Amino acid sequence: MSDTTLPKAYDAASVESRWYALWEERGYFAPSSTTPDASPYCIMIPPPNVTGSLHMGHAFQDTIMDALIRQRRMRGGPVLWQTGTDHAGIATQMVVERQLEAEGSNRHELGRALFLERVWKWKGESGGTIVRQLRRLGASCDWSRERFTMDPELSHAVREAFVRLYNEGLIYRGKRLVNWDPVLLTAVSDLEVVSEEERGSLWHLRYPWAEGDGYVVVATTRPETMLGDVAVAVHPEDERHAHLVGRELILPLTGRRIPVIADTHVDPAFGTGCVKITPAHDFNDHEVGARHGLPVINIFTPDARINDQAPEPYRGLDRFVARAKVVEDLTQAGLLERIDDHKLMIPRGDRTKAVLEPYLTDQWFVKAAPLAEEAIRAVEDGRIRFIPGNWDKTYFEWMRNIQDWCISRQIWWGHRIPVWYGPDGHPFVCNCEEMVYEMAAEHYGQVVRLTRDPDVLDTWFSSALWPFATLGWPRKTPELARYYPTDVLVTGFDIIFFWVARMIMMGLKFTGEVPFREVYITGLVRDADGNKMSKSKGNILDPLDLIDGIDLESLVEKRTRDMMQPQLAAKVAAATRAEFPQGIPAFGTDALRFAMAALAVQGRDIKLDLARVEGYRNFCNKLWNAARFVLMNVEGHALAGPVEARTLPDRWILSRLQKVIAAMDAAMERYRFDEAAAGLHRFLWGEFCDWYLEMVKPVLYDDGLAEADKSHTRRVMVTVLESSLRLLHPLMPFITEELWQKVAPLVERGGATLMRAPWPVVESRFEDESLETEAEFVMAMVTAVRNVRGEMDIPPGRRLPVLVSGEPEAVAILRRHEGLIAVLARLEGWSELTGEIPEGVATAVLPGMRIFIPLAGIIDPTAEIARLEKTLQKLEADLTRVTGKLNNAGFLANAKPEVVAGEQAKARAFTEKRQVLEDALARMRRLGEVA
RNA sequence: GGGCGGAUAGCUCAGCCGGGAGAGCAUCGGCCUUACAAGCCGAGGGUCACGGGUUCGAACCCUGUUCCGCCUACCA
C-alpha cells in the first residue's frame, strides 16, 4: 500500500495503539517552547486515587484538560500538564483491610509496619491501572514529572506545611467533639459526613422531679444518649417553664440528679419546649453544656458500645441494642410517654456508610477562618475566577461560615503527623525526625525517649498542597517560578470544599499567590436515565469499554463483580442486559473524547447518550474517508505553489476555514467545548464534505480543464484538510495525527508530530464575504432542485433540464457556475425562460430567481399541488407575521432601522415568492383538470 | 430554612446582546452517484412547563406558580 492510500474504513484501535507510545517515548509531553516569547501554561491534574480506576468523570475532565493543553502546546509556549496520583488514605486502607479480613486477619494482628508494607504492595500492584487508562484517553500529561502524594518530596512538603502552620498557631490540638466513625475508628471532617433523611422515631421520655411529684417530658431521636444527660434545658423566655429553672430532676435509669437550665438554644415551639442535654454526644448540647459549666459524660466506647460511665446493665451493649433496652426499661418504669414516627437526618461516613457519632477525642485542627479571609478576597477581587461564574456563591457561602478543619485521622495509611511527645506529653513539632530529638534534648536538658503521634493527616491536607508541592515547594525551583500560579483547574463541583477551597487557602498561605487563575467546574457524567453512576447502582460505565467495546456477558460480569451489596447483583445484571442487549460496540478514543467535548455544556450535568458517541465515531470515519478522497486525488500530481484560490469552491472553503479558526479560538477561550466541537463538526461534515468535496469533483474530473487549474484546487483541498486536522487535534488526537502524517507533507508542513505543529491562525486575505454570499446562492439553487426531485420522487440519476427567470445578477451567478450547478443538481442543462411558462413544470423560488423544471409526462399534478400548497402555507404564516410588524406604528417608531429594513426586505421577498407560487399553483390546477 | 440549577422536536441537548425556533440521534420517502451504507439526497415533527408583567416585539428580561435535581443548615 502506498503512502497516500488508506483503508476504506477507519479502524480506531490500530491507529490509537500506534501513536501514544511514540509520543511519550519521544518526549513530546514534556514542556518545550517553539515560540520564545509565548507565555507558559500549566494545568495540575486532580490526582486520582492511585489504586482506583478510570471512570466517566475522569474521561470527561481529562478530555477537557488535554484539549486545553494540546491547543496551548500547539500555540508554541512551554506547556506543563502536571500529573500524578493521590494516596487516598481512608479508601485505600479500607481496601487492604478488606483483603486482610478475607484472609482471616486484620491490621492490628499485622501491626503498623507490616500493614503499611502491605498497602505499599497493593499500591504497587494496582497503582498502574489508572495511569495506564489515562494514557488510553490520549492524555498528554508529562509523565516524566509524575508525582504521588506520598513521594518523599511531597511528604516533606506536607510536614513543612504542618510545622509552619503549627508555629504560627494555625494548627492546634484539642479535645473536641468530632464526627467519629465507630466502624473505622477514626475522626472524619465535617465534609466527610453525608447526612440523609431517614425514617426514625421520636421518643418522648418522662424525667421525674427530684422533689415533689410530676415530671418533665423531653423528646429524643437517640434514647440511649439519655444515659449521658446532664441537664434539661428550656428557653429563658418560655413562660410555661420559667418557674422550673433551677429545680432538679432525677435522670431515669441512672438516678443522677440533673438541673433544669435556661438556654436560648431551645426552640419553645418544638415539642414540649424541654430539651435533654447530652454534652458528650451532641454538638449543640456540647455548646450548651459549656455555657453552663455542665459536666461532659461520655457514655460510648470508640466502637460505640456503652462504656463504664453508664449503669452496669447497659455496659458493653452496642448503641442500637442499648437503645432498645433503654426504651424497654423506661417503658417498664412508666416513663415512656409516647413514640412518634419521625423523619430525621442521619449522618453517615462517606466511605463506610456507618452512622457517625459526635465523640469527644483529642484531635488536630487547622484554624480555618484566618486562612479563609485571604482566600475569599482572592475570588472577590478576581484573582481567581470560577467558570461558570455563579459557583463563587457556593464558595463564598462555605468560606464565610468555615469551621476549623479536623486533620488528624486514626488510620495508618497516610502522612504521619510530625509531632513527637516527651515523657511529660510535651509536643515537639518538627519536619525532621533527627532534629526533633535535639529539640527535645535541649528542652529537657538530656536525651529523652519520644513517642510519635500515631495519627496520620487527612488526605486532603496533602492534596491542598498539590499545585505547588509538585513543583518543588518548599524549594524555590525554576518550575515553581515558571508554572505557578497555574492557569486553570478543571474539576467537579463535588470537591469545591474538599479540595478547591483548601488549595486556595494553602496556596495563598505558603506562596502568597493563588494556585490557579481560573476554575472550570464541570458537571457530573450521569447514565442515560440521568442517574448518578455508582457501583452499587450497577450503572457504571468504564470509558475503556466505550473505546474498545465490550460484549454483554463481560459487561454483566464486570458490573456484578466485587459488589458491596451482592444481593443487588441480579437486578444489576437484568438492567444491564436490558440496556445493552448487544453489549457496547467499540467507538474509539477520539469519538469518546469528541462526544465528551460536545456534551460539555457549562453548568449542566451530562446524560451520557451512547448514540451520540456512535455519531462521533461515524464522524471519525467521515473524516477518514474525506482524507482518503483528498489523498487519492492528489496522488501522482504536483501541487501548485502557494495557495491561490481561483474557483468559487476554493475561495469559499478558504473563507469558511478562517471563520472556523476564529470560532474555535473563541470557543476554547470561553471553555465552550460544545461550541468548539459543534463548529468543527458542522464545518468538516456539513461544508467541507457535503459541499466542497462534491464541488471539487467536477473540477478534478474535467478533462477539458488545464492541469494548472486543477493543481491549484488540489493545493487548496489539501491545505484546508491539513488546517482542519490541526484544529481538530486537541479534541481528536489520534486520527488527526495519523492523517496529518500523510497530508501535511504534501503542503510542506510535515513534522515529527502534529502535537507540535503550529496552531492555525486566521489569514484574513482569504476571507471573502461577498464570495460566501455567492456560494450560498449557488448552493441554494442546487438545494431547490434537489428539493423538487426529492418531493417528486424523481430518481437521482435522472438528469433534468431547467428554465429560469429572474434578476440579471441572479442569472449571472448561474451562468458563472453553470457547470458546477449542473453536476450538483444533476441538470441536463438550463436556459433562460422567454415567453410563457410551459405547462407541467415544477416551480422553485429563490430570492431574485424562479426555477421551472419541465416534468411533462412524469409530473404528478396532485403531488405538485400538495407540495406547492404546503410551501405556500408556510409562506403565508411568515408573511402575516412580517406584515403585522410593518403595519405596527410602534414597531416602525421603536425598532432599530436595520431591523425595520430587514423586515421590509423580507416582506418584499415573501410577497414575490407568494406570487410565483400562486401562479404555479394555478397552472398546476389547470393541468390537473386537463389530465 | 437558605442557596444554585433545570423544564425547548419522540430522545439527548444547543439557542450568545430581545428581532424569522436549531443540531445529533430516532422516524418517513428515495438512492450501492467511482471518499465514505459508520454513507448520500430529501421530508415530517415544537402551546419553548404554566400564569401575569415590561416592551413595538419575549424561548430569552421581571414576577408568581408547579414539577425535577443538587448543595447547604443545630429543630431535640
Side-chain angles (χ1 to χ4, degrees), chain A residues 6 8-10 195 202 218-222 225 233 265-267 269-278 282-285 287 342 344-345 388 390-391 393-394 397-398 401 493-494 496-497 523-524 526 528 530 532 585 587 591 595 598-599 601 603-612 614-633 670 672 674-675 678 681-682 686 689-690 693-694 697 701 783 786-797 826 870 877-878 881-882 884-885 888-896 898-900 902-903 906 910:
Chain A
L6 299 174
K8 195 168 167 175
Y10 174 55
S195 289
L202 191 59
V218 295
T220 179
T221 55
R222 296 185 298 156
T225 62
H265 157 69
V266 181
D267 174 5
F270 186 90
T272 56
C274 303
V275 186
K276 63 192 267 313
I277 300 297
T278 323
D282 183 283
F283 289 101
N284 288 312
D285 292 4
E287 284 175 29
H342 188 69
L344 73 164
M345 297 296 275
N390 43 10
W391 283 110
K393 287 194 179 136
T394 305
E397 174 64 19
W398 189 69
N401 298 297
F493 59 81
D494 48 333
I496 288 182
F497 306 145
L524 241 52
R526 298 170 177 278
K532 217 163 157 173
F587 298 124
L599 294 168
V601 175
R604 196 165 176 143
D605 287 350
I606 289 182
K607 268 197 234 179
L608 191 73
D609 182 359
L610 289 196
R612 209 65 192 267
E614 187 182 1
Y616 294 126
R617 179 203 53 179
N618 296 353
F619 177 52
C620 290
N621 193 51
K622 188 74 181 175
L623 178 67
W624 183 262
N625 275 285
R628 187 164 164 256
F629 173 83
V630 169
L631 293 170
M632 281 168 60
N633 279 286
R670 295 161 53 227
R672 288 302 303 257
D674 57 325
E675 285 181 6
H681 187 266
R682 199 182 319 114
C689 289
D690 287 350
L693 291 186
E694 294 305 320
K697 285 175 184 173
Y701 297 161
T783 302
R786 284 175 176 172
N787 186 325
V788 170
R789 195 191 286 276
E791 294 276 296
M792 297 284 104
D793 275 354
I794 299 163
R826 298 225 157 213
K870 190 177 70 186
D878 288 339
R881 195 188 49 253
V882 172
K885 277 189 183 183
N888 182 335
F891 175 73
L892 296 175
N894 296 309
K896 281 175 280 188
E898 61 267 30
V899 173
V900 176
E903 294 297 311
K906 271 186 228 163
F910 289 161

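As a basis for the values below, the full set of heavy atoms in this structure was taken, side chains included, without hydrogen atoms, waters or symmetry mates. Please read these numbers as outputs of a predicted model, since none were measured by experiment. Each chain gets a letter, A, B and so on, in the order its sequence line appears, and its residues count up from 1.
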Exercise for the section: Select from A:L202 and A:F493 the residue whose nearest nucleotide in RNA chain B is closer to the 5' end of that strand. Expected result: A:F493
Fill in the blank from the handout: Counting only Watson-Crick and G-U wobble pairs with both atom distances below 3.5 Å, the stems of 3 or more consecutive pairs that include RNA chain B are B:1-7 with B:66-72, B:10-13 with B:22-25, B:27-31 with B:39-43, B:49-53 with B:61-65
Exercise for the section: Would you classify A:E694 as touching base, sugar-phosphate or nothing, given that sugar-phosphate means primed atoms plus P, OP1 and OP2, and contacts are heavy atoms under 4.0 Å? Expected result: base
Exercise for the section: Give A:K276 one of three labels, base, sugar-phosphate or nothing, depending on what nucleic acid heavy atoms sit under 4.0 Å from its own. Expected result: nothing
Practice task
Rounded to the nearest 0.5 Å, what's the gap from CZ on A:R612 to CG on A:L599? Could you check?
Solution key: 5.0 Å
Problem - Atom pair distance, as rounded to whole Å: CZ in A:R826 and C1' in B:G42 - result: 15 Å
Handout entry: Sugar-phosphate or base contact per nucleotide [nucleotides 12-21 of chain B; S, B, -; heavy atom under 4.0 Å]
Key = BSSSB--BB-
Handout entry: Phosphate-side-chain proximity, A:K393 and B:C4, N/O vs OP1/OP2 below 4.0 Å
Key = yes
Exercise for the section: Answer with base, sugar-phosphate or nothing: what part of the nucleic acid does A:F270 contact at a heavy-atom distance below 4.0 Å? Expected result: base
Problem - Contact check, side chains of A:I277 and A:D282, non-hydrogen atoms, under 4.5 Å - result: no
Exercise for the section: Could you check whether A:E791 gets within reach of a base, just the sugar-phosphate, or nothing at all, counting any heavy atom under 4.0 Å? Expected result: sugar-phosphate
Exercise for the section: Measure the distance from NZ on A:K532 to P on B:C68 and round it to the nearest whole Å. Expected result: 19 Å
Fill in the blank from the handout: The answer to which of A:T272 and A:G797 contacts RNA chain B further toward the 5' end, by nearest nucleotide, is A:G797
Practice task
Using a heavy-atom cut-off of under 4.0 Å over every strand shown, decide if A:D793 touches base, sugar-phosphate, or nothing.
Solution key: sugar-phosphate
Practice task
Give the nucleotide from the list B:G29, B:C4, B:A76 with an atom nearest to the side chain of A:N390.
Solution key: B:C4
Problem - Distance below 4.0 Å between A:Y616 side-chain N/O and B:A23 OP1 or OP2 - result: no
Exercise for the section: Please examine the side chains of A:T278 and A:R222, heavy atoms only from C-beta on, and report whether any two atoms are closer than 4.5 Å. Expected result: no
Practice task
Give the ring-plane orientation class for A:W398 versus A:F497, where under 30° counts as parallel, over 60° as perpendicular and anything between as tilted.
Solution key: parallel
Problem - Side-chain heavy-atom pair A:K532, A:D605 within 4.5 angstrom cut-off - result: no
Exercise for the section: Indicate whether OP1 or OP2 belonging to B:A37 is found under 4.0 Å from a side-chain N or O atom of A:K8. Expected result: yes
Exercise for the section: Determine the Euclidean distance between corresponding C1' atoms of B:A9 and B:G22; express it in Å to zero decimal places. Expected result: 10 Å
Pairs under 3.5 angstrom, nitrogen or oxygen only, protein versus nucleotides 39-41 of chain B, please.
from, atom 1, to, atom 2, distance (Å)
B:G39, OP1, A:N618, ND2, 3.0
B:G39, O3', A:K622, NZ, 3.1
B:C40, OP1, A:K622, NZ, 2.8
B:C40, OP1, A:W685, NE1, 2.7
B:C41, O3', A:R786, NH1, 3.4

Handout entry: Rounded C1' spacing from B:C71 to B:U63 in Å
Key = 25 Å
Handout entry: B:A76 OP1/OP2 closer than 4.0 Å to side-chain N/O of A:H342
Key = yes
